[in-house]
*Asks:* 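Before I ask anything, let me first share the structure, which is written out below as structure tokens.
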Amino acid sequence: MKQFAVYLFLCLLFFGVRPDVQAQSFTPAIIHNEAAVQFPDQVTFQLELDGEVADAVLTYDVVQVSCLEADSQVPVEIDGNQAEWTWVMSRSGNPPPGAVVWWAWTLTDAAGNTFTTPRQTITLTDDRFEWRTVTAENIRLNWYRGDEVGPLLLDAAVAGLHQLQDEMGIQLQTEVQFYIYGSSQDMRDAVLYIQDWAGGVAFSEYNTILMGVPPNIAADWGRTTVRHELAHLVIGQFGRSCVGGHRPTWLNEGLAVYAEGEPDSGTLADIENGIRSNQFEPLRSLNGAFPAHDAAASMAYSQSYSVVDFMLSAYGQEKMQDLILTLADGQGYDEALEQVYGMNVDGLETAWRSAIGAPPRQIPPAPTPLSAASVPTAVPIGAPVSVPTPPAAAAPPPETKSKSISICGMGLMPLLLVTFVFKRRRYPTYD
Ligand SMILES: [Zn+2]
């Protein structure tokens, strides 16, 4: 009861109303105060009172990680003793399943007294499927197709977390939820405004990853993608920035490929090729978007992996953590590297080339300095973003080679859905 009084007091403060005697005397009788979800399209809030009020304002928001509080307040017309408001998500984009919406009504009587209902919550659920759930520490994985899929992908997620912790010293800070759909189409139907090639999407502000994983590719594409996406999410949490800090793409993708586990034969072949034929790009050119061409994209991921592997083995995990945090503080790429490693992007490239036996690259004597602000990086580290990834086989058939990789473009989408580069391997076509 005491807690409720404190809560009420805070609510009243929040809505700018002093808890004076007058306000406390107004306590409307509420018959009905509910919300109904029609996922992913809308949430309808309904209020029914025993008696009349002059004015009703609905305040609602979704629980998420954010640098700014940004709830919505809507004056709702009173119809007799009832009020109803529908939040149409097709206008804004929708939060993922599992997201929690809270709401409260602020009611005013004819004398101007105000009363705010205690916050209530409702969880958005995708009821189209019979979800099953497996859990491990800090991971909840929901799936519905293929008995073995859930446990298999949970194992991959746990292994990925262990590797992030053991080899980078970076821990998951908040529980992550996976929703594994049985096909990429099922997954896409759960997200308004998603590209029709997307096979996965990470809602980092909700700590939620959605993927479309048919059982026949769960053991390969599924396992790798779980670890890759989880790494983006965990590193995103660790390096969250509320001051506009960014990470270069080569660092983000290099860390995520590193987190997939042992490099596959395609990655090793790329690196060997890069050394033998001197095919690596200037590292500085991988600060922003990766090349769109398949082979060049493949090389960009493999090169990024190799650089991260070198940084971790030569300088250790503390420096890597330091770098991520320094970038989150808003330092430019060169400045952050100088501060932590004593060299800029070019210096790092020279050290890495030398360590793996690649020929040195002629660095222009006075390179144009690039700051974080001037680089078209895919995603501001700390900003709430969602990251669609391509499905394993929704793209044109891959060429005959060890792996096929595609870049999926960059662009802003509603709800800050940001397209993202992602490594794709060659897999059989599925539904
Ligand atoms: Zn990635």
*Asks:* Looking at Trp87, I want to see if its CH2 is surrounded by more than 12 non-hydrogen atoms of other residues, nucleotides or ligands under 6.0 Å.
*Replies:*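 Yes, because the 6.0 Å sphere around CH2 of Trp87 holds more than 12 heavy atoms from other groups.
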*Asks:* Would you mind reporting whether Glu175 and Asn207 have side-chain heavy atoms less than 4.5 Å apart?
*Replies:*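 Asn207 does not reach Glu175 side chain to side chain.
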*Asks:* Do Val76 and Glu84 have side-chain heavy atoms sitting under 4.5 Å apart?
*Replies:*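 Val76 vs Glu84: side chains apart.
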*Asks:* Does the side chain of Arg145 reach to within under 4.5 Å of the side chain of Ser183, using non-hydrogen atoms?
*Replies:*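 Side-chain contact under 4.5 Å: yes.
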*Asks:* Sequence neighbours left out, what passes ring-ring contact (aromatic ring centres under 6.0 Å, His included) with Phe238? Give chain and number order.
*Replies:*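 Phe238 satisfies ring-ring contact (aromatic ring centres under 6.0 Å, His included) with no residue once adjacent residues are dropped.
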*Asks:* With distance as the sole test, does Thr249 use its side chain to make a donor-acceptor pair with the main-chain N or O of Asn287 at under 3.5 Å?
*Replies:*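 Side chain of Thr249 to backbone of Asn287: a pair is present.
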*Asks:* Report yes if the side chains of Met89 and Pro40 come closer than 4.5 Å at any heavy-atom pair, otherwise no.
*Replies:*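 In short, these two side chains do not touch, never coming nearer than 4.5 Å.
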*Asks:* First locate atom CD of Gln38, then atom CG of Asp127, and finally report the distance between them rounded to the nearest 0.5 Å.
*Replies:*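 Separation between the atoms: 11.0 Å.
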*Asks:* Mind listing the closest non-hydrogen atom pair of Ile356 and Ile275 along with its distance?
*Replies:*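 Residues Ile356 and Ile275, closest heavy atoms: O-CD1, 3.3 Å.
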*Asks:* Can you check side-chain contact (heavy atoms from CB on, under 4.5 Å) on Ile324 and Ile235, steps first, answer last?
*Replies:* CA-CA 8 Å; Ile324 294 170; Ile235 292 161; 4.2 Å; yes
*Asks:* Answer with yes or no whether the side chains of Asp61 and Trp102 bring together a donor and an acceptor at under 3.5 Å.
*Replies:*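 On atom types as modelled, these side chains do not qualify, holding no pair under 3.5 Å.
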*Asks:* Which is it for Phe203 and Ile209 under the side-chain contact (heavy atoms from CB on, under 4.5 Å) test, yes or no, and what are the steps along the way?
*Replies:* CA-CA 6 Å; Phe203 289 80; Ile209 294 169; over 6 Å; no
*Asks:* Show the nearest heavy-atom pair for residues Ser204 and Leu233, with the distance to one decimal.
*Replies:*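 Heavy atoms of Ser204 and Leu233 come nearest at CA-CD1, 4.3 Å.
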*Asks:* Between Trp105 and Phe115, is the side-chain contact (heavy atoms from CB on, under 4.5 Å) condition met? List the steps.
*Replies:* CA-CA 8 Å; Trp105 291 90; Phe115 174 82; over 6 Å; no
*Asks:* Checking Gln46 against Glu34: is there a side-chain donor and acceptor pair closer than 3.5 Å?
*Replies:*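 Not at all, the side chains of Glu34 and Gln46 share no donor-acceptor pair under 3.5 Å.
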*Asks:* I'd like to check Thr106 versus Thr114 (side-chain heavy atoms, cut-off strictly below 4.5 Å). Are they in contact?
*Replies:*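 Sidechains of Thr114 and Thr106: in contact.
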*Asks:* Could you list the residues that satisfy ring-ring contact (aromatic ring centres under 6.0 Å, His included) with Phe45, not counting sequence neighbours?
*Replies:*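 Listed in chain order: Tyr60, Trp103.
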*Asks:* Given 3.5 Å as the limit, does a donor-acceptor pair link the side chain of Trp352 with the main chain of Ala355, or not?
*Replies:*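 Here the side-chain-to-backbone pair does not exist.
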*Asks:* Between Glu349 and Arg284, does at least one N-O distance fall below 4.0 Å, as a salt bridge requires?
*Replies:*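 Here Glu349 does not pair with Arg284 in a salt bridge, since their nearest N and O are not under 4.0 Å apart.
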*Asks:* Please round to the nearest 0.5 Å and tell me the distance separating atom CG of Leu141 and atom OG1 of Thr135.
*Replies:*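 If I round to the nearest 0.5 Å, the distance is 10.0 Å.
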*Asks:* I'd like to know if Asp186 and Arg128 make a salt bridge, using a cut-off of under 4.0 Å between side-chain N and carboxylate O.
*Replies:*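 Here Asp186 does not pair with Arg128 in a salt bridge, since their nearest N and O are not under 4.0 Å apart.
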*Asks:* Say you draw a straight line from CG of Asp329 to OG of Ser241; how long is it, rounded to the nearest 0.5 Å?
*Replies:*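 So the gap between those two atoms works out to 7.5 Å.
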*Asks:* Take atom CD of Glu130 as the centre, draw a 6.0 Å sphere, and report whether it contains more than 12 heavy atoms from other residues, nucleotides or ligands.
*Replies:*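 No - once you tally the heavy atoms of other residues, nucleotides and ligands closer than 6.0 Å, there are 12 at most.
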*Asks:* I need the Leu107 CG to Leu58 CG distance, nearest 0.5 Å.
*Replies:*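 Going from CG on Leu107 over to CG on Leu58, the span is 10.0 Å.
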*Asks:* Applying side chain to side chain donor-acceptor pair (under 3.5 Å), name anything that partners Thr133, two or more places apart in sequence or on another chain.
*Replies:*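 Checked Thr133 against side chain to side chain donor-acceptor pair (under 3.5 Å); matches are Asn142.
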*Asks:* Please find the pair of heavy atoms, one from Pro215 and one from Gly182, that lie closest to each other, and give the distance.
*Replies:*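 Heavy atoms only, the tightest pair is CD-O, 4.5 Å.
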*Asks:* Are any of the side-chain heavy atoms of Gln73 and Asp71 separated by less than 4.5 Å?
*Replies:*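 Yes. Closest side-chain heavy atoms under 4.5 Å.
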*Asks:* Does Ser277 use its side chain to pair, donor to acceptor, with the backbone of Asn273 at less than 3.5 Å?
*Replies:*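 Checked: pair present.
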*Asks:* Distance alone, cut at 3.5 Å: any donor-acceptor contact between the side chains of Tyr181 and Asp189?
*Replies:*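 Distance-only check fails for Tyr181 and Asp189.
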*Asks:* Under the side-chain contact (heavy atoms from CB on, under 4.5 Å) rule, what do Asn138 and Gln173 come out as? Steps first, then yes or no, please.
*Replies:* CA-CA 8 Å; Asn138 266 340; Gln173 293 168 2; over 6 Å; no
*Asks:* Would you list the atom pairs, donor with acceptor, under 3.5 Å between side chains in residues 149-168 and any protein atom, with sequence neighbours excluded?
*Replies:*
unit_1	atom_1	unit_2	atom_2	d
Gln163	OE1	Arg227	NH2	3.2
Gln163	NE2	Tyr258	O	3.2
Glu167	OE1	Tyr258	OH	2.6

*Asks:* Using 30° and 60° as the class limits, which term best fits the ring planes of Phe129 and Trp131: parallel, tilted or perpendicular?
*Replies:*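 Aromatic pair Phe129/Trp131 classed perpendicular.
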*Asks:* Is there a donor-acceptor pair under 3.5 Å between the side chain of Lys319 and the backbone N or O of Met311?
*Replies:*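 No, because the side chain of Lys319 does not come within donor-acceptor range (under 3.5 Å) of the backbone of Met311.
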*Asks:* Are the side chain of Ser285 and the backbone of Glu281 linked by a donor-acceptor contact shorter than 3.5 Å?
*Replies:*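 No, because the side chain of Ser285 does not come within donor-acceptor range (under 3.5 Å) of the backbone of Glu281.
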*Asks:* If every non-hydrogen atom of Ala351 is compared with every non-hydrogen atom of Tyr315, which pair is closest and at what distance?
*Replies:*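 The pair with the smallest heavy-atom distance is CB-OH, 4.0 Å.
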*Asks:* Please report the C-alpha distance between Arg353 and Asn278 in whole Å, then the side-chain angles of each, then the deciding distance to 0.1 Å, and finally whether the side chain to side chain donor-acceptor pair (under 3.5 Å) criterion is met.
*Replies:* CA-CA 10 Å; Arg353 280 176 174 270; Asn278 198 16; 3.2 Å; yes
*Asks:* Within this structure, what is the CD-OG distance for the pair Gln303 and Ser298, rounded to the nearest 0.5 Å?
*Replies:*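 Here the rounded value is 11.0 Å.
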*Asks:* Answer whether the closest heavy-atom distance between the side chains of Pro97 and Phe39 falls below 4.5 Å.
*Replies:*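 Side chain of Pro97 against side chain of Phe39, heavy atoms only: contact under 4.5 Å found.
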*Asks:* Taking only residues two or more places apart in sequence, or in another chain, which ones meet Glu272 in a salt bridge (charged side-chain N to carboxylate O under 4.0 Å, His left out)?
*Replies:*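 Expected list: Arg276.
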*Asks:* Suppose we screen for side chain to side chain donor-acceptor pair (under 3.5 Å). Which residues come up paired with Thr44, at least two apart in sequence or across chains?
*Replies:*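 If we apply the side chain to side chain donor-acceptor pair (under 3.5 Å) test to Thr44, skipping adjacent residues, the hits are Thr86.
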*Asks:* Which atom names give the shortest non-hydrogen contact between Val213 and Gly222, and what distance separates them?
*Replies:*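 Heavy atoms of Val213 and Gly222 come nearest at CG1-CA, 4.0 Å.
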*Asks:* Where do Gly332 and Leu327 come nearest, in terms of heavy atoms and distance?
*Replies:*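 Minimum heavy-atom contact is O-CD2, 4.0 Å.
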*Asks:* Going through the distances and angles, do Gln237 and Arg240 end up as a side chain to side chain donor-acceptor pair (under 3.5 Å)?
*Replies:* CA-CA 5 Å; Gln237 281 184 2; Arg240 183 171 294 281; over 6 Å; no
*Asks:* Check for a donor-acceptor pair, side chain of Ser306 on one end and backbone N or O of Ser302 on the other, with a separation under 3.5 Å.
*Replies:*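 Not confirmed, Ser306 side chain does not pair with Ser302 backbone.
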*Asks:* In the structure I gave you, are the side-chain heavy atoms of Phe178 and Leu230 within less than 4.5 Å of one another anywhere?
*Replies:*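 The answer is yes, as the side chains (C-beta and beyond) meet within the 4.5 Å cut-off.
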*Asks:* Just do the side chain to side chain donor-acceptor pair (under 3.5 Å) check on Thr267 and Asp264 with the steps written out, would you?
*Replies:* CA-CA 5 Å; Thr267 303; Asp264 63 8; 2.6 Å; yes
*Asks:* From Arg91 CZ over to Asn94 CG, what is the distance, rounded to the nearest 0.5 angstrom?
*Replies:*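 So the gap between those two atoms works out to 14.5 Å.
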